[in-house]
Amino acid sequence: MRRTAPGEDKAGWQLSRRYNWLLIAPAFFLLVFFLWPLMRVVVRSFVDPAPGLANYQAILASPVYLRVLYNTVETAAVVTLLCLLIGYPIAYVMARAQGVKLRIVAALVVIPLWTSVVIRSYAWMVVFQRRGVLNEGIGTVMALFGESHTPIQFLPGALAVHVGMVHIMLPFMILPLVASMRNIDRRLMRAAGVLGADPIQSFLRVFLPLSLPGVSAGSALVFMMSLGFYVTPALLGGPRHMMSAVLIEQQANQLLNWGLASALATLLLLVTLAIYAVHARISGVGLAGAGGRA
Amino acid sequence: MTSRGADLVVERLSKSYGGQAALRPTDLAIKAGEFFSLIGPSGSGKSTLLGCIAGFVTPTAGRIAIAGADVVDVPPYRRNIGMVFQNYALFPHLSVFENVAFPLRLRKIGSAEIQDRVKRMLETVRLAEYGDRSPAQLSGGQQQRVALARSAVYDPQLLLMDEPLGALDKNLREEMQYEIRRFHANMGATIVYVTHDQDEAATMSHRIGIMRDGALVQTGAPRELYENPANAFVAGFLGEANLYDVRDLRPGPGGALKVVTVDGLELEAEAGKAVPAGSLVACVRPEAVSLAGTDAGPVIAGTVEDIIFTAGTVRCRIATPQGARVLMRRPLERHRQAVAVGDAVKLSYRPADILLIAKE
Ligand SMILES: Nc1ncnc2c1ncn2[C@@H]1O[C@H](COP(=O)(O)OP(=O)(O)OP(=O)(O)O)[C@@H](O)[C@H]1O
Ligand SMILES: [Mg+2]
């Protein structure tokens, strides 16, 4: 949607072409430690145990595997949507805040990032288990009304996985949103007001469209991270709500079925690349651009 | 398309930010269809006054009436005012066409009519071909014209412009000044125009208001302000002026008034004119002094210190023996007598051109 004028200052930090050779080291690093293993996974999916498409045929022929893939994409989509709905208002407040208020909100958003994902997932187990905080709480309220409460079985289950993942992914939605909202010139809202837009119209016609690069960046980030997420679904999801990462781990480490695991990983990679392509289209960043730039 | 302008009345309007007065209690009445300019140094409260009228600055006290209706409690989006912002404030995510259509879409106007009106407005500002571009693909002057089109497409009765030409180069400025005047003539809207540039204000407006430190110092027609500045600030701000602090006034020869300045200059002024109370300043416009041909009238003697040629005019700075400086300005073609730096000269003037005005 956004077009860039020839003269527009595109990047604040741009090395002169003379220093391009400086990029050799990081490029080498990427090649050896990132692209090479990735390539090996992709190749392996076609050659292990025998050359051909057998691994992919096995996946497509198995309702269980398809179910897991579908679960993965669905969970990622639900988590992304929930993060967006919860994160947008928080980012809106954060983007407007100044000084102490900004620091407090920013700390609240960022501090959870410092806590291990494993610990946070166990914390949700404490909340959701049979005699956990949630069930006890509901029981107490029900008791007030003279009703008895048979503890609800949250674990393992989709609800717990969604809540746990949203909790972990939220900062990754909020931060790109804030970055793009901070780039919006507030004087545009003022102009919209004078031109006749009430606050809701100003938001819908000016602010929201201008924050779309952030929406796109945050959603793409959360969706991609959710696709490959392991810990939370493993702890809270159980076999009925299995996600791809858990399945891949089983295939590779427990069943030593490396070919099938590689094929599953390659499929996830394809979905990820597709999502990135959509994001790149929306926000106009090429492969060279940083994801969060508005 | 000719909407009659609305009249604007501002009474005791003031705005302070945490005890700091950005606008001191101000009164102002602008007639329907008038082109009124506000000028003043940076930080003098021009944008604050405009913001109060537009509604996005909430005044601390006072009243604003547009076309007779009190608007202080009316939110900006219901005031139906047009505004061109200092930074244009075009919507970067919308095309030029959609930028101009924006206020019309909010007013629930049919799409056929929107097409029609936007097209006509873009033709008026000579951007008919540019409807599909994004604002980032336009030059400063073109963006400016889009902002102008957007502010006027819904025929507001009152149009506010905050330094709309501030970022443009001289040629483009002059072209746009002409365009805005033409615009005003066609639309008939009342315009309040903020500028830093006194020449711009003088060419464009019926009346000018001069602001300083959050207060409106003087309002009047450009010529009125030039010929009868209320104080030394106005005299110095609007056009060039030789300003001298007055030490003493005495009766002079032939019933004239002798003015003795702090730096020792002695000038003859017309007697019998009302003189303001308090500290006085003698104001002499640079075009009111000339090289004396004969010794007919009063003269100032001195040495030429500096000569500056600019397009069509010559400025000479003369130093008197007492150490005062006098600036003289002549059209180039009249500057026949070749003077050189260091020449001793006599400057003549008419006593009527010595203005005695208040210092503050
Ligand atoms: N939001 C604000 N908070 C605090 N002070 C402000 C605010 N807006 C303006 N001021 C102060 O009010 C005074 C008048 O500002 P204003 O913007 O009206 O000046 P101006 O005449 O438009 O100046 P310029 O010619 O530079 O645009 C200034 O001293 C400014 O610092
Ligand atoms: Mg201003």
Side-chain angles (χ1 to χ4, degrees), chain A residues 1-12 88 95-96 98-101 177 179-217 279-286 289 293-294, chain B residues 47 50-57 74-96 98-109 132-140 142-143 146-147 149-156 158-162:
Chain A
M1 261 171 70
R2 276 172 63 86
R3 279 158 292 180
T4 347
E8 197 183 354
D9 184 17
K10 277 193 73 176
Y88 200 95
R96 307 204 95 176
Q98 298 285 343
V100 181
K101 193 174 156 200
L177 279 176
S180 98
M181 287 178 185
R182 287 213 156 227
N183 270 339
I184 298 175
D185 186 348
R186 296 284 161 167
R187 290 173 298 190
L188 293 176
M189 313 298 292
R190 179 184 277 186
V194 176
L195 291 169
D198 64 37
I200 292 173
Q201 288 170 319
S202 296
F203 175 78
L204 291 178
R205 285 174 180 269
V206 180
F207 194 90
L208 187 61
L210 287 175
S211 69
L212 278 187
V215 171
S216 165
H279 162 63
R281 266 207 87 109
I282 291 177
S283 60
V285 289
R293 273 179 56 87
Chain B
S47 295
L50 229 53
C52 289
I53 298 170
F56 54 78
V57 174
V74 179
Y77 53 92
R78 292 223 198 83
R79 292 193 188 184
N80 206 33
I81 290 175
M83 181 149 187
V84 180
F85 291 83
Q86 202 159 352
N87 59 336
Y88 313 140
L90 297 179
F91 302 121
H93 61 299
L94 299 178
S95 67
V96 166
E98 283 304 321
N99 262 281
V100 179
F102 187 89
L104 298 177
R105 298 217 185 281
L106 294 169
R107 285 167 174 76
K108 305 267 177 293
I109 288 168
D132 293 333
R133 296 235 196 148
S134 94
Q137 293 170 311
L138 301 181
S139 74
Q142 290 166 337
Q143 292 185 25
V146 176
R150 186 181 66 175
S151 71
V153 71
Y154 50 103
D155 289 338
L158 177 60
L159 203 49
L160 311 177
M161 303 193 185
D162 196 350

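In the text below, chain A, chain B and the rest are named by the order of the sequence lines, each starting its count at 1. All of these numbers come straight from a predicted model, not from anything done at the bench.
- Interface residue B:R107: only side-chain heavy atoms are found under 4.5 Å from chain A.
- Contact annotation for B:L94: neither backbone nor side-chain heavy atoms come within less than 4.5 Å of a heavy atom of chain A.
- In this structure the side chain of A:L210 never reaches within 4.5 angstrom of the side chain of B:F91, judged on heavy atoms.
- Side-chain atoms of B:H93 do not come within 3.5 Å of backbone N or O of A:S211 as any donor-acceptor pair.
- Here salt bridge (Lys or Arg N to Asp or Glu O under 4.0 Å) pairs that include residues 185-199 of chain A, with residues two or more places apart or in two chains, are A:D185-A:R187.
- The nearest pair of heavy atoms linking B:Y154 to A:V194 is OH-O, 3.9 Å.
- Shown here for A:L188 and B:P92, the closest heavy-atom pair between the two residues is CD1-CD, 3.6 Å.
- Of the atoms belonging to B:N87, it is side-chain heavy atoms, and not backbone ones, that fall under 4.5 Å from chain A.
- Taking OH of B:Y77 as the start and CG of A:L195 as the end, the distance is 14.5 Å to the nearest 0.5 Å.
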